[in-house]
Amino acid sequence: MPDAANAAIVAQATAAVAAGQPSEWLVSFRTSEQQITDQAQVISAASALPAAEAATAARLQHYRALKARAGVLQGETGAASTDAEPLTSVQVLEDFSHLPITFVSISSADELARLRANPDVLNVEPNKLAYPAALSDALQHIGQPAVQAQGYLGRGTVVVIDSGRLSAKLYQQLLQQ
């Protein structure tokens, strides 16, 4: 997406939050592969788990801790992490436990600013349609007509085109097109 279009989307979503309207955002967190590796070694030694399973457990713990420190996820007991005041206007719509990403709704400009300023947060971006909505546009985007012109028709091939999770608002917009 061109920078100007992306800037307009960010400005529109930020303005909605400033007006107290909930807006959907993707929050990406900074990760430390070294911390994950160190924690995996501790888990493996303490539990005799195979290295791959210990690495997965360490990654999940690391991501959960990042999200809790940022005030996005609640701790195991239901209380927010002591590292951050809970973000009361932030509602988790979907937590991707195996990724350093959480899909949230935010309705407070102050809390959006706090989240963006958090050192554990890499990026906070509005949920937006990133690729063409029409299949014909998508096929152009991936170069399908040129491949088909070379005689490749896709027989025996399965292709999955997945845009990810669409918000209800984006879904309605697509239906109206």
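Numbers here simply count residues along the sequence, with the first being 1. The analysis underlying the following values was restricted to heavy atoms, covering all of them including side chains, and did not include hydrogens, waters or symmetry mates.
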Residue pairs, two or more places apart or on separate chains, that pass salt bridge (charged side-chain N to carboxylate O under 4.0 Å, His left out) and touch residues 38-53: none

Remaining members of the apolar cluster that contains Ile43, side-chain heavy atoms under 4.5 Å: Leu49

Partner residues of Glu33 under the side chain to side chain contact (heavy atoms under 4.5 Å, CB included) criterion, sequence neighbours left out: Thr31, Ile36, Arg59

Residues in side chain to side chain contact (heavy atoms under 4.5 Å, CB included) contact with Arg116, at least two apart in sequence or another chain: Val10, Thr14, Trp25, Leu112, Val124

Pairing residues for Gln41 by the side-chain hydrogen bond (donor to acceptor under 3.5 Å, both in side chains) criterion, not counting sequence neighbours: none

Using distance only, find each side-chain donor-acceptor pair of residues 96-108 under 3.5 Å and give its atom names and separation, not counting sequence neighbours.
unit_1, atom_1, unit_2, atom_2, d
Thr102, OG1, Asp95, OD1, 3.0
Ser108, OG, Asp110, N, 3.4
Ser108, OG, Glu111, N, 3.2

Side chain to side chain contact (heavy atoms under 4.5 Å, CB included) against Ala109, all qualifying residues, sequence neighbours excluded: Val17, Ala18

Value rounded to 0.5 Å, distance of CD in Glu94 from CG in Asn127: 11.0 Å

Distance, nearest 0.5 Å, that separates NZ of Lys67 from CG of Asn118: 13.5 Å

Heavy-atom pair of closest approach, residues Gln61 and Gln39: OE1-NE2, 3.1 Å

Closest heavy-atom pair and its distance - Ala58, Ala40: CB-N, 3.5 Å

Partners passing salt bridge (Lys or Arg N to Asp or Glu O under 4.0 Å) against Glu125 (at least two apart in sequence or in another chain): Lys128

